[in-house]
Structures are given as C-alpha cells and as structure tokens.
Amino acid sequence: MDKALYIGMTGATQAMKAQAIVSNNLANASTTGFQADLAQARAMSVFGPGMPSRAYSMTENPGTDFSRGNLEQTGNMLDIAVRGEGMIAVQAADGSEAYTRAGNLKLSVFGELQTGNGLPVLGNNGPVVLPPHETVHIGEDGTLSVQELGQGPEVLAMVDRIKLVYAQPAELVKGTDGLLRRRDGGETPANAEIQVVNGYLETSNVNVVDAMVDMIALTRGYEMNVRMMQTVDENSAASARLLQSQ
C-alpha cells in the first residue's frame, strides 16, 4: 500500500482532533469565565528501519488561552469577577483544590457558597459556609460579611474570605472538568492583593468569529487530505490495471 495513504490519513485524523478542540471552544462562547483551549499542529518525522522519508502531522493542545473576557454587569450581589489577574479557589469533585474565573456564585440550602455548577468555594479554612442571614456582602478583597437575622443593615459581621490566588500560566494545567490546577498537584497560597468586582461576571474569552474561521480552515484541510487519499487509491488501481494488461 502506498505510504501516502498513511500521510493523508494522519492529516485527516489530526484535523478532526483540532476540530473537536475548536468546537468545544465555540460551544462555550457564552460560558461564564471560560478560557479557550489552544490547538496547534506540527510535522513529525517517521523513524524506524530505513530512511526517515515520511513526515506525519500531529495535533497537540499546548495549553490554555489566559486572556481575559469582558466584564458584564448583572446586579446580582453574589456574582463576582476577578479584577485583572487571579482566580477563585474551589474544591473540585475529586476533593482537590482547583481554580476558576467563573464567579457566578450561589448558596445551597445549608448555606454553602458554591459555584454555578455546585462546587464549594474555598475560604480561609476550607469550604465557605455562611450562617443564617438577611443579606450577604462581598468586599473587593473577597471578604464575606452578612447581615445577621434580626439586625439592621448597618450591622455587618465578617464571616470568611474567599480564597483568591495567582499562579503563573506555566504552572497551571486545565483538566477535563474545565478547572485549572497546579501541574505539581499542590495548592496555591491566597494572595491578598487580588481584588474582585461585585455584581459583575467575566464572559468567555472565546472569539466566535475567529473560532468559525478556524473551523472552516480545518474542514477544508480535512477534505484536502481525504481527496489525496482518494487520488492515491485511484492511482494504485490504475497501476494495477496497467500491470494486468501487460
């Protein structure tokens, strides 16, 4: 079988993998705090017996786009957006510490402060749990204060502080659950300099137009590789008929 078939096959396969990454980004264009995944392709020479005369293509996910989305005002006092750099620490489903930019918070029936998808938000001493209260106030530094039952609005009691952290992008890796974690598996200490904006949410950083253009380019690349495989197959069939006629 002509080795060109394998070259075309790898090109089509990797285009499909890159398409999956771009499609996931596009599907999360309206997800609060979503950070797009990156995709790139490179040529990989085939080594083994004989000369490395073929180069296959390989798609890889080199990391995450850490650019920031826009701030969108919601008026909900439990919504927060991280100002500038930084992340909100949460407890992932497996119990590990993870980080997110999605600040659409809510309270459970037990007073647990959670993210929009139900993950506990971490504070100074683990998951944040608020006592019975009238209202909640979130300060710029992430402090949580409540107006206790039976008290006036001028009486606020500080309960906890949301754990806000900062880590270099190279220290982080994005999991399949969409959360960021430290590559070394450790935990990041709280950073007192990070601030949040109350009543706002950060939108996804996915550029819909760019994502659509990438999808079109990948589709054309896939079709080109499929046509190449068809051409190679037709040439092989023509060569076989030519040899049979002699």
Side-chain angles (χ1 to χ4, degrees), residues 17-18 20-40 59-72 74 78-106 112-128 138 140-142 144 160-198 200-208 210-211 214:
K17 292 181 178 180
I21 295 175
V22 176
S23 298
N24 181 65
N25 289 340
L26 195 58
N28 286 280
S30 59
T31 301
T32 300
F34 180 79
Q35 295 174 294
D37 295 311
L38 302 174
Q40 68 180 25
T59 299
E60 55 188 4
N61 180 359
T64 303
D65 180 3
F66 286 95
S67 62
R68 303 307 174 202
N70 299 318
L71 296 188
E72 186 177 80
T74 65
L78 281 180
D79 287 342
I80 59 173
V82 179
R83 191 194 302 272
E85 303 300 322
M87 298 167 290
I88 302 167
V90 300
Q91 187 177 69
D94 60 1
S96 64
E97 180 175 293
Y99 313 108
T100 181
R101 297 275 296 186
N104 50 331
L105 308 183
K106 63 180 182 179
E112 301 168 322
L113 188 64
Q114 301 176 338
T115 62
N117 54 358
L119 297 177
V121 177
L122 297 179
N124 290 329
N125 299 296
V128 175
I138 303 177
E140 288 187 349
D141 60 351
L144 291 159
D160 206 339
R161 181 178 184 271
I162 296 174
K163 185 177 181 181
L164 303 172
V165 303
Y166 173 75
Q168 294 289 340
E171 300 173 338
L172 301 171
V173 61
K174 189 176 182 182
T176 55
D177 55 5
L179 299 173
L180 296 168
R181 294 175 176 81
R182 293 188 63 91
R183 291 184 182 275
D184 57 13
E187 298 181 357
T188 306
N191 189 320
E193 296 181 359
I194 297 174
Q195 295 185 333
V196 298
V197 184
N198 193 222
Y200 286 80
L201 288 176
E202 181 179 327
T203 63
S204 170
N205 69 353
V206 175
N207 187 309
V208 176
D210 289 346
D214 290 341

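- A donor-acceptor contact shorter than 3.5 Å is absent between the side chain of Y166 and the backbone of E193.
- Taking each heavy atom of V165 and A190 in turn, the nearest pair found is CG1-CA, 4.2 Å.
- Residues satisfying the side-chain hydrogen bond (donor to acceptor under 3.5 Å, both in side chains) test with N191, not counting sequence neighbours, are none.
- Between the side chain of N28 and the backbone N or O of N24, at least one donor-acceptor pair lies under 3.5 Å.
- Contacts of K174 classified as salt bridge (Lys or Arg N to Asp or Glu O under 4.0 Å), with partners at least two apart in sequence or in another chain: D37.
- To the nearest 0.5 Å, atom CG of residue N205 and atom CZ of residue R101 are 9.5 Å apart.
- With respect to I162, the side chain to side chain contact (heavy atoms under 4.5 Å, CB included) criterion is satisfied by exactly one of V196, I80, I194, D141: I80.
- A pairwise comparison of heavy atoms in E72 and T203 identifies CB-CG2, 4.0 Å as the closest pair.
- Considering only residues two or more places apart in sequence or on other chains, T32 meets the side-chain hydrogen bond (donor to acceptor under 3.5 Å, both in side chains) condition with none of them.
- Looking at every heavy atom in both residues, F66 comes nearest to T64 through CD1-O, 3.2 Å.
- Taking CG of L71 as the reference point, atom CD of E202 lies at 6.5 Å (rounded to 0.5 Å).
- Taking CG from L105 and CG from L113, the interatomic distance works out to 5.0 Å, rounded to the nearest 0.5 Å.
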Report, one line per pair, each donor and acceptor closer than 3.5 Å where one atom sits in a side chain of residues 116-127; sequence neighbours left out.
residue	atom	partner	partner atom	Å
N117	OD1	T115	OG1	2.5
N124	ND2	D160	OD1	3.4

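- For E171, the salt bridge (Lys or Arg N to Asp or Glu O under 4.0 Å) criterion is met by R182, not counting sequence neighbours.
- Listed by chain and residue number, nothing satisfies the salt bridge (Lys or Arg N to Asp or Glu O under 4.0 Å) test with D65 (two or more places apart in sequence, or in another chain).
- Distance check: L164 CG to T188 OG1 gives 12.0 Å after rounding to the nearest 0.5 Å.
- The backbone N or O of D210 sits less than 3.5 Å from a side-chain atom of N207, completing a donor-acceptor pair.
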Problem set entry | M87/L172 under side-chain contact (heavy atoms from CB on, under 4.5 Å): CA gap, chis, key distance, verdict | CA-CA 11 Å; M87 298 167 290; L172 301 171; 3.7 Å; yes
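- Remark: A98 pairs with V90, A92, L179, R181 by the side chain to side chain contact (heavy atoms under 4.5 Å, CB included) rule, at least two apart or across chains.
- Smallest separation of non-hydrogen atoms from A29 and V206: CA-CB, 4.2 Å.
- T74 meets the side-chain hydrogen bond (donor to acceptor under 3.5 Å, both in side chains) test with D79; sequence neighbours excluded.
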For this session: For side-chain contact (heavy atoms from CB on, under 4.5 Å), just list the numbers for N25 and F34, CA-CA rounded to whole Å, side-chain angles, deciding distance to a tenth of an Å, and then say yes or no.
Result: CA-CA 9 Å; N25 289 340; F34 180 79; 3.7 Å; yes
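- Shortest non-hydrogen contact noted between V22 and A211 is CG1-O, 3.4 Å.
- Screening residues 82-92 for side-chain hydrogen bond (donor to acceptor under 3.5 Å, both in side chains) gives R68-E85 as the qualifying pairs, with residues at least two apart or on separate chains.
- When all heavy atoms of A102 and T100 are compared, the closest pair comes out as N-OG1, 3.0 Å.
- Residues forming a side chain to side chain contact (heavy atoms under 4.5 Å, CB included) with A93 (at least two apart in sequence, or on another chain): none.
- Residue pairs that meet the salt bridge (charged side-chain N to carboxylate O under 4.0 Å, His left out) test with at least one member in residues 161-170, sequence neighbours left out, are E97-K163.
- Residues satisfying the side chain to side chain contact (heavy atoms under 4.5 Å, CB included) test with V173, not counting sequence neighbours, are R183.
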